[in-house]
Visitor: 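I have a structure I would like to understand better, so I am pasting it below and will then ask my questions one at a time.
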There are 2 protein chains.
Amino acid sequence: MKFEAFRKSIRLSKEDISRDLLAENRDRIKIKKEKVAVRNLVKILDAALAIGNAKGFASMSLRDLSSEANLSMGALYAYISSKEELLDMIQQQGRIVVVKVMNESLSGIDEPAEKLKTAIQVHLYLSEVMQPWFYFSYMETKNLPRDAHRKAIESELLTEGIFAEIIEAGMAKGVFRQVDPRLSAALIKAMLQDWYLKRWKYERRKVTVEQYGEFLVDLILSYILIRD
Amino acid sequence: MKFEAFRKSIRLSKEDISRDLLAENRDRIKIKKEKVAVRNLVKILDAALAIGNAKGFASMSLRDLSSEANLSMGALYAYISSKEELLDMIQQQGRIVVVKVMNESLSGIDEPAEKLKTAIQVHLYLSEVMQPWFYFSYMETKNLPRDAHRKAIESELLTEGIFAEIIEAGMAKGVFRQVDPRLSAALIKAMLQDWYLKRWKYERRKVTVEQYGEFLVDLILSYILIRD
DNA sequence: CATAAACGAACGTTCGTTCGGTTTTTTACA
DNA sequence: TGTAAAAAACCGAACGAACGTTCGTTTATG
């Protein structure tokens, strides 16, 4: 699968995500009209991710956010009820998208090697489309309140579990070698994460997301496939 | 190499590190007597790494630090000249140790596969001994002032370069397959980092640092060694 | 008794959050 | 279609709490 094909196949513009997020938090957001709410949510999320990823969410003041989003302090508080809740909202929305896209993309694929390859590519491409989200979620997990923090960890383990299950199925079918599925999955995740955590590095070296994906698939399959 | 053997072979107690750090910053630290200075630096660094890793350096107030380290606000400022400088000091000291230990451990090894294996193990074991340092440095890089931030990035590329050079040497000798050395090195680093970034995960699953190291070496060598 | 170290109240800023007032948009009726 | 009332959205000054940092004073050391 090509990256551009993937990007077009999923509906994930900023507006789409903001609309979902609005629907999810209809009770907490005080703005009535969807069109207005979505327009400003896009501005708020854009600004929060930009500032937050540049200097950390804790170091971002709501005055920074207010001026970057071109909204007054008062207007800001019509969309969020506290700074902490904004943090939670961003993370939650990211997780929802990941689970949805991963499940949609993998259903119907049975051949283990093909499924593993697709899972790696989809996760990688998704992290490319939503890079600020992924980076933010990774770096700010520990600043979440207790309950949200627990959910973030569960989510990490859930996506890891997807990879582990594919590997186990491949082993059961005799297509994959006998390896530690959980540890293999953990390392796949680690390499997937490097792509969005160290974007500056790969950008500088002009490594494309497709090249990275191919390399990663090669590395994993050369380890996991039965040898001749 | 066993982890315990490694731990004993390097002198890296908190006191040792604090003493080095004191020597490095003799002009900025106002305390005259080494014994007193080292004792309190240990307390300050312990507290800063503990609080910083728990809730982020930006969210750690100097009052938190003061009470955790059992030092008054005034006393704290006899050891550090600003909060930002403390951040810089911790990172700088970590980098010095990494470069020193890596260079010492790799000199004299010529056989590429052996050298690559040792490099992976040493980096991994070192990150285990100094886990709070490594975690802290990774998570707080972006909060550094401009110049210190640049140095942190250089350091990331430097250690990556060590792995890349070993791989290139192995390719030149005909022991390794023709692979992308830079990308391979990047992924090795990504997997090494996962060990200290997600310690909670591996601890929970009772994966030891030696098991992780073996798995990682297996994975890399199965990709990079010439096949029969 | 002199020097070193530690103390903690106080300073000026900046923070997250609130709220009374203003502007903009929609609605209702002619 | 024009307009006044009502509703929605936005504004930014103001508040108390908490921040990093300083400094005059007290305590410990040798």
Side-chain angles (χ1 to χ4, degrees), chain A residues 18-19 22 25-45 47-48 51-52 54-90 140 143-145 148, chain B residues 18 22 25-48 51-52 54-90 140 143-145 148:
Chain A
S18 291
R19 199 165 3 252
L22 173 62
N25 297 277
R26 249 286 159 237
D27 47 335
R28 292 191 274 191
I29 294 172
K30 299 194 182 88
I31 272 44
K32 303 277 172 77
K33 286 155 55 185
E34 173 172 302
K35 220 170 104 183
V36 178
V38 168
R39 168 171 35 94
N40 285 329
L41 274 176
V42 169
K43 292 203 288 182
I44 291 171
L45 292 172
I51 305 172
K55 59 172 174 172
F57 187 77
S59 300
M60 175 193 78
S61 77
L62 292 185
R63 284 169 184 79
D64 291 343
L65 183 61
S66 152
S67 79
E68 180 78 13
N70 274 113
L71 283 170
S72 68
M73 295 295 296
L76 213 51
Y77 269 83
Y79 295 87
I80 59 168
S81 54
S82 77
K83 192 187 177 190
E84 194 178 67
E85 200 218 56
L86 172 61
L87 178 61
D88 192 17
M89 247 171 51
I90 295 175
E140 303 297 342
N143 300 332
L144 288 166
Chain B
S18 290
L22 174 62
N25 297 277
R26 247 291 159 233
D27 46 335
R28 291 191 273 190
I29 294 171
K30 298 195 181 87
I31 271 47
K32 303 279 173 77
K33 286 154 56 183
E34 174 171 302
K35 221 170 101 182
V36 177
V38 168
R39 168 172 34 96
N40 285 330
L41 275 176
V42 169
K43 292 203 288 182
I44 291 171
L45 293 172
D46 266 359
I51 305 173
K55 61 171 172 172
F57 187 77
S59 300
M60 175 191 79
S61 78
L62 292 185
R63 284 168 183 80
D64 290 345
L65 182 61
S66 152
S67 77
E68 179 78 13
N70 273 114
L71 283 170
S72 68
M73 295 295 296
L76 215 51
Y77 269 83
Y79 294 87
I80 60 167
S81 55
S82 76
K83 191 188 178 188
E84 195 178 67
E85 201 217 57
L86 172 61
L87 178 61
D88 192 17
M89 246 172 50
I90 294 175
E140 302 297 341
N143 300 331
L144 287 167

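Chain letters run A, B, ... following the sequence lines, proteins first and then strands; every chain starts at 1. This one's a predicted model, so the numbers in the text were calculated from it and none came from an experiment.
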Visitor: Could you state the atom-to-atom distance from CG of A:Leu76 to P of D:dA9 in whole Å?
Guide: 15 Å

Visitor: Does A:Ile31 form a side chain to side chain contact (heavy atoms under 4.5 Å, CB included) with A:Asn40? I'd like the steps, not just the answer.
Guide: CA-CA 10 Å; A:Ile31 272 44; A:Asn40 285 329; 6.0 Å; no

Visitor: Cation-pi check, A:Lys83 to A:Phe57: give yes when NZ or CZ is under 6.0 Å from the six-membered ring centre and within 45° of the ring axis, no otherwise.
Guide: yes

Visitor: Are the side chains of A:Val36 and A:Arg39 in touch, meaning some heavy atoms are under 4.5 Å apart?
Guide: yes

Visitor: Rounded to the Å, how far apart are A:Lys30 NZ and D:dC11 P?
Guide: 15 Å

Visitor: Let me confirm one number: the CD1-CG distance from B:Ile80 to B:Leu86, rounded to the nearest 0.5 Å.
Guide: 5.0 Å

Visitor: Could you run through nucleotides 16-21 of chain C and give me one letter per nucleotide, 5' to 3': B if any protein heavy atom sits under 4.0 Å from the base, S if only the sugar-phosphate is that close, - if neither?
Guide: BBBB--

Visitor: Rounded to the Å, how far apart are B:Ile44 CD1 and C:dA5 C1'?
Guide: 12 Å

Visitor: May I have the distance from B:Leu71 (atom CG) to D:dA28 (atom C1'), rounded to whole angstrom?
Guide: 15 Å

Visitor: Expressed in angstrom and rounded to an integer, what is the separation of B:Ile29 atom CD1 from C:dA6 atom P?
Guide: 12 Å

Visitor: Check the pair B:Asp64 / B:Lys55 against side chain to side chain contact (heavy atoms under 4.5 Å, CB included), numbers first and verdict last.
Guide: CA-CA 11 Å; B:Asp64 290 345; B:Lys55 61 171 172 172; 2.9 Å; yes

Visitor: Rounded off to whole Å, could you give me the CG-to-C1' distance for the A:Asn70 and D:dC11 pair?
Guide: 13 Å

Visitor: Taking the side chain of B:Ser72 as its heavy atoms from C-beta onward, which of C:dC7, C:dA5, D:dA8 lies nearest to it?
Guide: C:dC7

Visitor: What residues, two or more places apart in sequence or in another chain, satisfy salt bridge (Lys or Arg N to Asp or Glu O under 4.0 Å) together with B:Asp88?
Guide: none

Visitor: Return the value, rounded to whole Å, for the distance between atom NZ of A:Lys32 and atom C1' of C:dT24.
Guide: 15 Å

Visitor: Rounded to whole angstroms, how far apart are CG on B:Asn40 and C1' on C:dA4?
Guide: 13 Å

